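Down below is the structure, laid out as structure tokens.
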Amino acid sequence: MSQAFRLGSGGRIDRSASLRFRFDGQSFQGHPGDTLASALLANGVHLVGRSFKYHRPRGIMTAGSEEPNALVQLAPAKARTEPNVRATVVELKNGLVAESQNRWPSLGFDLGQLNDVLSPLFPAGFYYKTFMWPKAFWERVYEPRIRAIAGLGVAPAKPDPDRYLHRHAHCDVLVVGGGPAGIAAALEAGRSGKRVILVDEQAELGGGLLALPDAAVEGLDELAALPEVRVLTRTTCTGYYDHNYLVMLERVTDHLAEPDPDLPRQRLWRVRAGEVVLATGALERPLVFRGNDRPGVMLASAARAYVNRWAVRLGSRAVVFTNNDTAYAAAFDLHRAGIEVGCIVDVRPEPKGKLVAEARELGIRIRAGSVVTGTEGPLRVNQAVVAPLDQAGGIGGYLGTVEPCDLLLVSGGWNPNVGLFSQARGRLRFDDALAAFVTGDASLPREQRLRSVGGAAGDFSGFDAPPTPLLPIWAVPSDRRGKAFVDFQNDVTAKDLGLALTEGLRSIEHVKRFTTTGMGTDQGKTSNVNALAIVAETLAKPVAEVGTTTFRPPYVPVTFGALVGHSRGDLFDVERRTAMHDLAVARGAVFEDVGNWKRAWYFPKPGEDMHAAVVRETRQVREAGGILDASTLGKIDVQGRDARTFLNRVYTNAWSKLAPGMCRYGLMLRDDGMVYDDGVTACLDDRHFHMTTTTGGAPRVLAWLEDLLQTEWPELEVYLTSVTEQWATMAVNGPLAREILAPLVEDCDLAAEAFPHMAWRAARIAGVQGRIFRISFTGELAFEVNVPADQGAAVLAAILEVAEPRGVTLYGTETMHVLRAEKGFIIVGQETDGTTTPIDLGMDWIVAKKKGDFIGKRGLERPDLVAGDRKQLVGLLTKDQKTVLVEGAQVVATPTGRVPWPMLGHVTSAYASPNAGRPIALALVAGGHARHGQTLWVPMPGKRPIPVEITAPVFFDPENKRLHG
Amino acid sequence: MLLIPCPHCGPRAEVEFRCGGEAHVVRPAEPESASDEVWRDYLFVRKSPKGVHFERWNHAHGCQRWFNVARDTVSDEILAVYRMGEAPPEVGR
Ligand SMILES: [Zn+2]
């Protein structure tokens with residue numbers, strides 16, 4: 001069987017070439033210019049899928065991106081597989097493989113179809129009710145089973161091998177839609193020299209014209225010649241956001257059998273447009289009658305497109321069911337293509353005009369004032385039942401006459417395609433003549449500079465058969481029981497809507513959620529108006545009073561790949577490396593992520609796990625020495641006449657007397673009194689300071705300080721500059737620190753008297769001019785060497801050359817944590833969480849009582865902050881001297897209890913401490929400062945609560961003797 | 001995504017900016033003598049109007065300057081842009 005249903009001539013297809021493709025394992029042929037849908041139809045395949053809930057046989061209903069039924073899986077089981085693709089927009093290419101979805105074992109015989117027979121068990125909202133009890137069954141039994149039966153395609157299981165790009169653009173005029181109205185708008189703007197982007201989702205411009213017999217699209221040559229006009233085909237505008245910002249998806253290579261590997265698969269455009277012209281046309285809507293979902297039932301406009309544009313012999317005998325004139329033109333085109341048109345069933349009692357006359361001339365029977373009350377046919381329609389409407393709009397028990405047909409064209413009127421207008425926050429108005437929502441006038445925010453033209457504006461003057469006069473009919477009376485679908489993709493029937501109303505739901509938004517109408521991947525493009533109108537009719541209200549639908553982005557489904565673009569794998573996020581990174585790599589470092597930084601975590605020797613490496617490193621630092629790459633600490637250069645005043649206001653302690661050459665530890669609070677950041681700041685000269693911050697806090701601290709200077713204290717003359725990446729910082733710690741550095745340092749006396757703790761000196765280190773700070777985060781004698789970043793690796797290498805033979809080596813951040821915890825030094829963000837004050841931390845000593853105002857001073861006096869039962873920093877020692885607690889574990893007062901068990905606090909840091917000889921922990925515990933010596937308990941998973949003793953948060957060298965070497 | 005007219009750089013995309021919340025929240029001049037209620041209001045109480053909202057924005061990925069914006073929270077229209085320290089302009093419809 002090869003294209004047996006292709007008409008002998010016509011169509012915008014290239015008959016000189018054949019393309020092979022497979023559908024459900026069977027091989028077919030089509031032509032360039034075909035879509036998957038048109039090629040299937042040309043091969044007589046009308047049954048292409050099973051419906052979501054009832055597994056009803058479904059065919060191809062539309063010829064565009066609004067298709068609710070014909071969803072297929074492309075390239076099944078391959079890395080490039082894509083589910084839920086509308087066959088109507090897939091351009092045919094050689095070797096294309098597609099499969100139908102949601103059927104088992106096969107499309108023709110699907111056991112899930114039992115759902116259709118059993119459908120009284122599955123009315124709208126059934127899952128809210130039927131499976132409520134017992135509660136635990138929902139997750140374990142009901143939901144997985146329902147999901148297995150009701151579903152669509154299969155998500156890819158392998159990484160996406162394709163590339164996707166993002167592109168930003170600006171233009172004076174963005175025209176969305178390349179039909180005649182859009183082309184005219186683009187030409188007009190382009191002629192005046194404006195920068196224009198014209199986008200259309202199809203492969204060629206022309207829009208609705210392409211569905212006409214012998215279509216001629218005018219203006220394309222002129223458009224191509226205009227220098228400032230960019231035409232993007234295969235590009236769908238998916239989102240219209242604030243201030244004329246639009247997102248568009250360009251399918252660059254999807255239509256190519258062998259794409260250039262240098263091209264991205266898809267490109268996501270983000271466009272800021274001076275003006276937007278919405279020429280998105282109009283979408284025909286179906287009619288709601290029994291069996292309106294059978295394969296072979298198709299929108300009249302779609303049938304017209306398949307016959308004219310793709311030269312498909314859609315059937316042998318068609319019936320046309322309409323409430324307006326447009327379907328007449330479709331009937332004539334079918335007739336001229338040799339497809340018998342059995343009759344036109346026209347809802348209107350007395351259709352008039354030249355189209356009616358033309359039908360009579362062509363010998364096409366018109367059954368006026370009648371409706372299709374139902375259809376029959378197992379896998380494709382084989383007859384329509386037609387009955388006249390009585391005065392009351394019913395069929396008065398009349399069973400109707402049978403019209404045999406294998407094709408049923410329907411037209412329920414046309415909806416201006418107002419999705420993007422609505423996304424732009426334009427309000428919609430229900431137009432009674434069109435029985436559709438149209439763009440409301442003057443309802444747009446000022447920044448959304450747009451206009452709608454053509455069908456999108458409700459202007460159908462370009463149609464050869466306009467949709468008015470139209471006689472609305474929403475729920476067509478039925479000859480017998482059966483399903484009349486409103487939302488085809490979500491299997492929502494007219495009866496379901498009635499049920500929602502019976503349940504007492506009134507808001508259309510509630511009805512939508514209860515029935516899921518309009519909530520599929522098609523966003524109800526073909527169903528929303530019918531659903532609203534049926535609800536309105538049932539409630540006996542005007543449609544306008546029931547509400548409108550809200551259109552949300554994206555207009556069509558967008559692949560995750562396109563949204564993600566380059567931001568995946570190594571390019572997902574920035575990776576920051578210090579100047580000494582490679583030296584750490586060479587020494588076998590394992591790295592951890594700290595913000596965007598890669599920091600050396602620990603340096604395992606052969607055979608060591610993390611624990612063993614950290615135990616060795618922590619001992620080594622205190623016994624001989626160790627060197628930490630501390631370059632990631634934030635560094636801010638603070639300069640200006642008022643630098644000192646500024647420091648006094650942002651730190652809790654006093655800075656007035658800090659002499660050049662000296663440093664001081666500082667704590668920053670927010671104005672609510674909570675700890676914000678900490679670090680050591682050095683006085684370079686009277687109006688020049690070198691501030692350090694936490695690694696993670698660096699950007700926000702700088703931004704916050706800048707905010708204060710610009711907005712709170714504009715009178716201060718202070719200049720802040722981030723110098724984090726200008727300096728490489730290595731902290732040389734331990735008893736041997738001075739001996740290690742001495743042979744490398746020039747112009748600086750490292751002796752204790754000449755270079756006391758908390759001093760800094762300019763020096764040459766290994767021949768490089770830098771600064772040495774005598775500060776310690778380990779409690780050991782320590783010098784922090786700062787040199788220009790580009791010299792960092794060379795200087796560290798020189799230091800290691802001296803250090804390593806003496807048993808002094810690099811250590812990582814884990815050892816840093818253990819060493820500082822042994823000394824009870826806090827880490828902002830670990831011992832604090834935004835609800836912690838310096839008083840809670842036992843750091844009263846750093847909060848100046850006498851100096852003037854500073855950020856957080858007044859906040860600390862708030863009633864809640866001076867209360868005695870606040871969580872306060874304490875040390876925890878496990879009584880068994882073995883168990884290392886888990887950070888985040890709760891602290892409770894009793895070993896047993898009932899849930900909810902009162903929680904006194906939580907563990908903030910916990911480590912095995914080789915230097916203390918036992919596990920240690922820091923914790924925030926209610927009233928903790930007064931609890932030293934008490935026993936509390938820490939519950940941990942799978943264990944009995946662990947008894948702990950509350951202590952001061954210092955576990956090693958409490959007299960700070962080691963600091964002085 | 002908003003298009004925000006930075007008074008120093010001209011119109012730029014919202015992603016270049018950081019919103020600093022409500023504008024014209026004044027830090028009490030004498031914090032020590034401010035009552036708990038006054039301090040609470042300064043710290044925590046913010047307006048959330050339907051309509052014109054005066055707010056602080058920072059051109060974080062541009063000139064890094066702070067400025068004030070009058071924005072309609074319903075339509076997202078930017079009604080005015082003005083410097084720090086200036087009084088809120090008469091805007092609104
Ligand atoms: Zn700027």
Side-chain angles (χ1 to χ4, degrees), chain A residues 168 170 239-247 270-274 424-427 443-449 649 670-674 699-700 702-715 719-722 849 851-866, chain B residues 1-5 8 10-45 55-61 63-68 71-79 83-86 91 93:
Chain A
H168 296 260
H170 293 80
Y240 196 141
Y241 303 90
D242 290 309
H243 297 195
N244 268 19
Y245 186 72
L246 296 96
V247 170
R270 289 151 173 189
V271 182
R272 185 80 68 173
R425 302 201 213 180
R427 273 185 228 113
S443 64
L444 283 159
R446 197 176 42 160
E447 264 93 345
Q448 306 289 55
R449 288 177 297 277
R649 292 186 189 179
R670 299 186 314 218
D671 235 346
D672 60 2
M674 302 305 173
R700 64 178 160 77
L702 178 63
W704 178 65
L705 296 179
E706 189 63 39
D707 185 353
L708 289 169
L709 280 175
Q710 284 186 37
T711 68
E712 206 60 55
W713 306 317
E715 73 280 7
Y719 304 97
L720 305 176
T721 309
S722 169
K849 306 289 182 296
K851 77 166 178 175
D853 186 35
F854 58 86
I855 299 285
K857 184 178 191 184
R858 174 64 184 84
L860 284 173
E861 291 162 20
R862 292 191 291 138
D864 286 356
L865 272 61
V866 296
Chain B
M1 181 167 56
L2 307 182
L3 187 67
I4 299 172
H8 311 284
R12 292 290 188 276
E14 185 183 344
V15 287
E16 296 184 15
F17 296 83
R18 202 158 62 84
C19 182
E22 186 185 334
H24 307 296
V25 175
V26 178
R27 190 172 191 266
E30 291 182 357
E32 308 251 359
S33 57
S35 68
D36 283 341
E37 289 69 31
V38 166
W39 200 253
R40 173 202 63 199
D41 290 354
Y42 155 65
L43 286 178
F44 303 121
V45 178
E55 53 198 18
R56 295 158 12 99
W57 284 81
N58 177 236
H59 195 187
H61 299 285
C63 64
Q64 302 194 7
R65 301 286 292 277
W66 283 93
F67 56 94
N68 291 316
R71 180 177 63 95
D72 187 318
T73 59
V74 179
S75 67
D76 267 334
E77 286 177 49
I78 291 179
L79 304 164
R83 287 172 184 276
M84 280 293 154
E86 283 181 22
V91 287
R93 294 174 296 172

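Keep in mind that the numbers below use all heavy atoms, side chains included, and drop hydrogens, waters and symmetry copies. Predicted model, so just to flag it, every value in this text is computed and none were measured. Lettering of chains follows the sequences in order, A, B, ..., and the numbering in each one begins at 1.
- The CG atom of Leu246(A) lies 13.0 Å from the NE2 atom of His243(A); values are rounded to the nearest 0.5 Å.
- Heavy-atom pairs under 4.5 Å with chain A were tallied for Glu14(B), Arg65(B), Glu30(B); the largest tally goes to Arg65(B).
- Contact between Leu444(A) and Ala424(A) at its shortest, heavy atoms only, is CD2-O, 3.7 Å.
- Using the six-membered ring where Trp is involved, Phe67(B) and Phe17(B) have ring planes that are perpendicular, over 60° apart on the 30 and 60° scheme.
- With a threshold of 4.5 angstrom between heavy atoms, Met84(B) approaches chain A through side-chain atoms but not through N, CA, C or O.
- Residue Arg670(A): no heavy atom, backbone or side chain, is found under 4.5 Å from chain B.
- Residue Tyr240(A) does not touch chain B at all, counting heavy-atom pairs closer than 4.5 Å.
- Of all non-hydrogen atoms in Gly274(A) and Asn244(A), the two that sit nearest each other are O-ND2, 3.3 Å.
- Of the listed residues Gly85(B), Gly20(B), Ala34(B), Ala60(B), the one with more heavy-atom pairs under 4.5 angstrom with chain A than any other is Ala34(B).
- Both the backbone and the side chain of Asp707(A) come within less than 4.5 Å of a heavy atom in chain B.
- When heavy atoms are compared at a cutoff of 4.5 Å, Ala13(B) approaches chain A by way of both its backbone and its side chain.
- Heavy-atom distances place no part of Val26(B) under 4.5 Å from chain A, backbone and side chain included.
- Because its NZ or CZ atom is not both nearer than 6.0 Å to the ring centre of Trp57(B) and within 45° of the ring axis, Arg18(B) does not count as a cation-pi partner of that residue.
- In summary, the side chains of Glu715(A) and Trp713(A) do not present any donor paired with an acceptor at a separation below 3.5 Å, with no hydrogens or angles considered.
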**OP:** Would you sort out whether Asp76(B) and Glu447(A) count as a side-chain contact (heavy atoms from CB on, under 4.5 Å), showing the intermediate values?
**Re:** CA-CA 8 Å; Asp76(B) 267 334; Glu447(A) 264 93 345; over 6 Å; no
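- The part of Glu712(A) that comes within reach of chain B is its side chain, from C-beta onward, which places non-hydrogen atoms under 4.5 angstrom from that chain.
- Of the N and O atoms on the side chains of His59(B) and Glu16(B), at least one donor lies less than 3.5 Å from an acceptor on the other residue.
- Contacts of Ser35(B) with chain A are made by backbone atoms alone, with heavy-atom separations under 4.5 Å and no side-chain atom involved.
- In this structure, Arg862(A) fails the cation-pi test against Trp39(B), since its NZ or CZ atom is not both closer than 6.0 Å to the six-membered ring centre and inside 45 degrees of the ring normal.
- Of the two parts of Leu2(B), the backbone and the side chain both hold a non-hydrogen atom closer than 4.5 Å to a non-hydrogen atom of chain A.
- With respect to chain B, the highest number of heavy-atom pairs below 4.5 Å among Glu861(A), Gln710(A), His168(A), Glu706(A) belongs to Gln710(A).
- With a threshold of 4.5 angstrom between heavy atoms, Ile855(A) approaches chain B through its backbone and through its side chain.
- Neither the backbone nor the side chain of Arg40(B) comes within contact range of chain A, judged by heavy atoms closer than 4.5 Å.
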